[in-house]
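One structure below.
In each ligand, atom 1 is the first atom listed, and ligand 1 is the first ligand listed. Keep in mind that the numbers below use all heavy atoms, side chains included, and drop hydrogens, waters and symmetry copies.
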Amino acid sequence: MNKATGLNGWAGQRIKPDQITKYMDQGRDFINDGDIEAKLAAFSGEPEPAQVRAILAKSMAVKDLSLDEVAILIRVNDKKMLEEMRQTALALKIKIYDNRIVTFAPFYLGNYCVNRCAYCGFNNDNTAATRTVLDTDAIRREIAVLAGEIGHKRLIAVYGEHPKNDVDYVIESLKTIYSVKVKTKNGTGAIRRVNVNAPPFSIEDLKKINEAGIGTYQVFQETYHKETYAKMHPANTIKGDYNWRLYSMHRAMEAGIDDVGIGALFGLYDWRFELMSLVCHTQALEKRMGIGAHTISFPRVVPALNSVITPDWPYLVSDDDFKKIMMIIRLAVPYTGMIVTAREKAEIRNEAVLMGITQMDASSRIAVGGYSDCVTAQKEDKQQFILGDTRSLDELIRDLAQMGFITSFCTAGYRCGRTGKCIMDLLRSGTEGKFCKLNAVLTFQEWLDDFATEDTRRLAQPLIDREVAEIKAKNPQTLDIFMNYYERVKKGERDLYL
Ligand code: SF4
């Protein structure tokens, strides 16, 4: 038994108390429940339009909002002002990220878990769940489908907290994922960037994972509300340690991982509190580590059989509140990537595109081994939740094209050193698009040539042609090299980027 953590065996070695306390301020963490509640209570009634518009103007100047300003936006219920907020959120997204949406696929490598979260079907007490962890051959089979048939270039690899998914497994699986190259119609398919959604690790383990080459490292706090956190995560589990999880991202940055992703499982507690806390989290990272969160995720919990989250759970988030959450995140942290996953229905995700989100998954399979095995893909006992949006990547791309958005498969930033503070500074200054638009067009053309159905190609090609014309008009410095790459891509060369 580890005396400091009260945990036995493998679990007892996981938590390093000194890698929590070193970041704390006189023994206090950065989520001050009383302060957040007080700020939420300080403002009542509908805010004055002039006050809201002043906040929106600050967002449009690409400045972070304060917690007080976020609390004011939370109070907006007037339909006209909500529409102004939505339009500003979208305008801000276009200003910073242009009309690009980045796509990825979730890739579950195992569903063993030592934790016992009250809301999760994978929890260790659930003996009905069929448990699996993918070996090297199984990973290869999955990547052959993801990169060779669907055409994904980015993954979020999801690992459970279990000795079978420990740091050595993470590193080996990353190497396997990157090693798979598949022949496609006109070129070669491969996964070029793996983001990792994994349990909290020590700084030592995170350094090893970073050396294996990851994109963004994600750990979601689930709920920032300490009392709710304690109810949902039993004390005698690793996840029961709130602060070990809370400081995951501080440790990741100290280990040299430039891009970190935070998130909350909305609906466990009052969404207003979680939203304020996400803003606190990114502010705390910026203050201590010099840079805020690279991405923010905001999955919604749904009621499930054998879960504490029943249909009458008091904190379930309505569609209207969910939309407000998305707008406010975009406005509060203008330069941060926002991910809305296929947990949500297609209608909500289409609306989310008009509220400033930047990343979506598609053709998603969340059963372990579900990409290469259609039978497994249907098995509910092998997946953590039920998908709301089952559109294929081709269908999503077609829908986005109809809305005027191009799909980016760009992974250049990670291979050119445009990560961490460098990419954040480019985003803040509005010059990130200089590279990203060009790479988005190159990678979108690649995907269309290799994977698109005729219908999608017919809809999307004119959009690319328009983008190329715009690049010709606006990017004289990089035009020659871009056109050289673009013509080579059309002839079948792959993975050219600026
Ligand atoms: Fe394990 Fe994650 Fe499920 Fe908790 S939410 S039981 S940590 S898989």
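For atom 1 (Fe) of ligand 1, the nearest non-hydrogen atom of the protein is Cys113 SG, 2.2 Å. Nearest protein heavy-atom contact of atom 4 (Fe) of ligand 1 is Cys117 SG, 2.2 Å.
By the 4.0 Å heavy-atom criterion, Glu161 is excluded from the residues contacting ligand 1.
Aromatic ring pairs are classed by plane angle as parallel below 30°, tilted from 30° to 60° and perpendicular above 60°; the pair Phe444 and Trp447 is parallel.
A salt bridge does not link Lys324 with Asp320: none of the charged nitrogens is closer than 4.0 Å to a carboxylate oxygen. Under a 4.0 Å N-O distance rule, the pair Arg86/Glu351 does not qualify as a salt bridge. A salt bridge links Arg14 to Glu161: at least one charged side-chain nitrogen sits closer than 4.0 Å to a carboxylate oxygen.
Contacts between Lys239 and ligand 1, counted as non-hydrogen atom pairs separated by less than 4.0 Å, involve the side chain only.
Which parts of ligand 1 touch Asn123 is read off a 4.0 Å heavy-atom cut-off, strictly below it: atoms 6 (S).
Under 2.8 Å from atom 1 (Fe) of ligand 1 lies no N/O/S atom of Cys120, from backbone or side chain alike.
Side chains of Phe107 and Ile177 form a contact here, defined as non-hydrogen atoms less than 4.5 Å apart.
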